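Chain naming here is simple, since letters A, B, ... match the order of the sequence lines and numbering starts at 1 in each. This is a predicted model, so every value here is computed, not measured. Scope of the values below: all heavy atoms of this structure, side chains included, with no hydrogens, waters or symmetry mates.
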Number of protein chains: 2
Amino acid sequence: MTTLSQVAQRAGVTSATVSNVLRQRGKVGADTRARVLAAVEALGYRPHLTARALAEGRAPTLALMVSSIANPFYPEFALAAEQAARQHGRFLIVCNTNDDPDIGRAYLDQIAGTLSDGVLVMNANICIEDLQATARRGATVVLGMWEKPHQPPALPCVAVDFHLAGALAARYLIALGHRKIGVMVGGGVCGVHAERERGFNDALLELGHGDAVVHRMMVHDSVEGGLQGGAAMLAAAPSITAVFATNDLPALGLMHAAADLGIKVPQQLSVIGLTDIQGAHQARPALTTVAVPTAQAAAMSVALLLELIAEPQSVAPMRIAPAPELVVRASTARRSD
Amino acid sequence: MTTLSQVAQRAGVTSATVSNVLRQRGKVGADTRARVLAAVEALGYRPHLTARALAEGRAPTLALMVSSIANPFYPEFALAAEQAARQHGRFLIVCNTNDDPDIGRAYLDQIAGTLSDGVLVMNANICIEDLQATARRGATVVLGMWEKPHQPPALPCVAVDFHLAGALAARYLIALGHRKIGVMVGGGVCGVHAERERGFNDALLELGHGDAVVHRMMVHDSVEGGLQGGAAMLAAAPSITAVFATNDLPALGLMHAAADLGIKVPQQLSVIGLTDIQGAHQARPALTTVAVPTAQAAAMSVALLLELIAEPQSVAPMRIAPAPELVVRASTARRSD
DNA sequence: GTGAAAGCGCTAACAG
DNA sequence: CTGTTAGCGCTTTCAC
C-alpha cells in the first residue's frame, strides 16, 4: 500500500500538498503539481477511502436494506441504486434482513452513521421505531418506495402511487368487459399490499362495478404462493374471467395454476399483475401488468438521500416517482364467454 | 454521534478501557465494566466501524463484482455471500460492472485494499491483468466461480465442475433416447460457456454418440437470446428432438420459442438447461436442468477470501465446490418419435 | 504556494 | 487492572 506521505516524500513535498493536488484544492505550483503527479503515477498511489471518510467525517457508503436481494423485485432496484450511488462517489452495501426485525435492527445499529451515512430502506420488515431511532442517532434514512403518496410517512421517502397502480388494473379489466374478477393479495412475511387493492376497489366503485370482485384471497408473495392460491381460487370460483394479483410473482404463479388446470390464458382467463418485473415479459403468455417505476424510484431515492445528507433541513422529505403505467401484453383479453 | 471518549468520560475511565470492555479484551474490573456498560447504554454508543477499520488496518467490507446484479443468476449468489460475510462481521458492497472493463478497473482501483480488503469476482468481464494488478497492490482477490477445476487459474478461486455439468446433461439426453440434439451456447458480452459445451461433447463421445449434435448456435445469454436463437434453431433443424442450453436463461427462452411455434415441450422437444436459477422450477413446464451449487460456492468463496486475508500464505488457492447435479423436472421426456 | 499541526474515532502496545 | 502514548491515512485550518 502506498500512502500519501510516501508520495509526498518522493515528490519532495508534504502530504498536505499532495492532498491538494489530488483534490484540485488550494493553489499548487505547476511544477510541484507535475512532480506530485509523477510520484503518484510511479508509486501507483490510490487514496485510502476509509481514511478519507474518517477525516472528512462522512461515511463512504450507502446501505440498501431489503428483505432478500434474491427476491426478483429488488435486483432491478439495487442495480439502479448502485449506479446512482457510484455516480456520486458512494458505494452500495446490500443488507438482507430476511424479514427479520432483529437482523434489520442489528444492521442499522452497526452501519448506520458509521460505515454508511445513508440508509435506503425497502420493504424489509423493519420496525419504523428502529428506523426513527437510527435517524435520531444522526444517520439519514429514506424509504425507497412508499406506497401512499397522499399519506406522507414519518420519514423522508420516494413515493409511488400504488393506489393509482391498482386503479389502472381495475379500469383495464373493466374496459375488457370483465365483471367477475378474482383478486389475489400478496401478503406473507412482507406485509399486505393494502394500497394496491384499495386502488383497485376504489376504481371499481367509481366505475359502478363495486360488485365485480367475486373472490378475494391472500397469498404468499411469490410464484409458489400464486400457484397454490391460484389453484384454490380457480377451483372455488370457476366463474371468474379475470384475476388481478397485487404483485407479478403471484400473477405468474396463477398463470401456471391455470395452465395446470387446462385453462387458457387469456382466452378463458385474463391475468393482470402489478410491478412489471423482468420475468413478466418473459413469461408465456407475456404478463399484462401495471409497471412501477422501479429504476427511477431507486435513482430518486439515492438523490434524495444524498441531498438530505448534504443539507438535512432544506430538502422536501417526500418525492413522487413517475406514475405507474399499464403495460398490455398477452395475458389479458376481452371477456369472451 | 457518541464517541468512545464520551463514554469514557461519563464512566470516569479512559477510552482504552472502554475499548477493552467492549471487545472483551484485556482484564477489566467488574465494577468498572459495569459503569462502562451503563454509560454505553445511557449514551447509546455504537462503535464507529470506519474508525475501527482504519485503526485495525483492515477494511470493513468485501466487494462483490458482477456484471449486473439484475442478472437472475447473481442475486442468489449475492444473498449467500452477504450472509456469509455478515457472519464474519463484514459487509458486502455490490459492484455492477455492466461488463465494462473500465468500470471494473475503476472499482478495483477505488475500493480494493481501501474500502474492501477482499474482492469476490464473478463473471464481470474484468481483465485478468487488472485483477492481478489489484492483488499485487495488496488486496485479496478470489474468483467466485471458476469453471475449470482441472485448470487452476492464476488467482485463488472456488471452482465448480462445469465440464461435469455439461456431461450430466449429455448423459441424460442420451439416456432418454435423443440422438438429434441442438446445442445453444450462451455467449454475448459475458463470454462463452466453452467448458460446459466441452463437457457435453466429451460425454457424447464417451457414449459413442459424438454425432448427436446436429445443430449448434451461439446466443446471447438471456431469455431473449434463447427466444430468438431458439426460433431460428427450430426452423433450421426441425429434426432435433432435444436441446441443451448452456444456461437456464436461454433454455427458458427456447421453451417460449417452442410454445410460439406450437411445439410441445417435452412431448415433441426436450429442453435441458444448466445452472438451476429460481426461474427454472417456476417455468411451465418446469425446466430440467443441471444444478450448480451457487449458494455453497458463494459461502465457500467468502470463507476462502477471509482465510486468505488472515493468512495469505498458508491457504490452498483453489477449492472445489460440490458437484453439479441433474435436476429432472418437466421439460424433458423420452424420445417418442 | 507550501508546510506544520491538529484531529477524525478507534486500537494496540506498553507502563504503571 | 487501568492509563498513557502512538499511530491508522487522510483532510484541513492556519501560519509562513
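Along DNA chain C, read 5' to 3', the first and last nucleotides having any atom under 4.0 Å from a heavy atom of chain B are C:dG9 to C:dA12. Extent of DNA chain D lying under 4.0 Å from chain B heavy atoms, first and last nucleotide in 5' to 3' order, is D:dC1 to D:dG9.
Residues B:Pro156 and B:Met318 have side chains not in contact (no heavy-atom distance under 4.5 Å, counting atoms from C-beta outward). Considering only heavy atoms from C-beta on, B:Ser116 comes within 4.5 Å of B:Ile93 through its side chain. Residues A:Val292 and A:Met145 form a side-chain contact, since some pair of their non-hydrogen atoms from C-beta on lies under 4.5 Å apart. Proximity of B:Leu64 to B:Val121: side-chain heavy atoms (C-beta onward) are nowhere separated by under 4.5 Å.
The line from CG of B:Leu37 to CG of B:Leu22 is 7.0 Å long, rounded to the nearest 0.5 Å.
With hydrogens and angles ignored, the 3.5 Å screen pairs a side-chain donor or acceptor of A:Thr97 with a backbone N or O of A:Ala124.
Among the heavy atoms of the strands, none lies under 4.0 Å from A:Thr114. Within the 4.0 angstrom heavy-atom criterion, only backbone atoms of the sugar-phosphate kind lie near A:Thr3; the bases stay farther away.
Taking all atoms of both residues into account, the shortest heavy-atom contact from A:Leu92 to A:Ala63 is CD2-C, 4.2 Å. Minimum interatomic distance between B:Leu131 and B:Leu108 (heavy atoms only, all atoms of both residues): CD2-CD1, 3.8 Å.
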Problem set entry | From CA spacing to verdict: salt bridge (charged side-chain N to carboxylate O under 4.0 Å, His left out), A:Glu307, A:Arg319 | CA-CA 12 Å; A:Glu307 289 177 40; A:Arg319 285 186 193 170; 2.7 Å; yes

Problem set entry | Working for side chain to side chain contact (heavy atoms under 4.5 Å, CB included), residues A:Leu155 and A:Trp146 | CA-CA 10 Å; A:Leu155 291 161; A:Trp146 178 250; over 6 Å; no

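For the pair A:Gly29 and A:Ser15, nearest-nucleotide mapping onto DNA chain C gives the more 5' position to A:Gly29. Nearer to the 5' terminus of DNA chain D, by closest-nucleotide assignment, is the contact made by B:Val28 (compared with the other of A:Ser19 and B:Val28).
Within residues 48-60 of chain B, the residues approaching DNA chain D are B:Leu54, B:Ala55, by heavy-atom distance under 4.0 Å.
In secondary-structure terms, DNA chain D builds stems of at least 3 consecutive Watson-Crick or G-U pairs, each pair having both distances under 3.5 Å, at C:1-11 with D:6-16, C:13-16 with D:1-4.
For A:Phe73, there are no ring-ring contact (aromatic ring centres under 6.0 Å, His included) partners two or more places apart in sequence or in a different chain. Here B:Glu56 pairs with B:Arg23, B:Arg58 under the salt bridge (Lys or Arg N to Asp or Glu O under 4.0 Å) rule; sequence neighbours left out.
Between A:Glu41 and A:Arg10 no salt bridge is recorded (no basic side-chain N to carboxylate O distance below 4.0 Å).
Taking the P atom of each, D:dT5 and C:dA6 are spaced 15 Å apart, rounded to whole Å.
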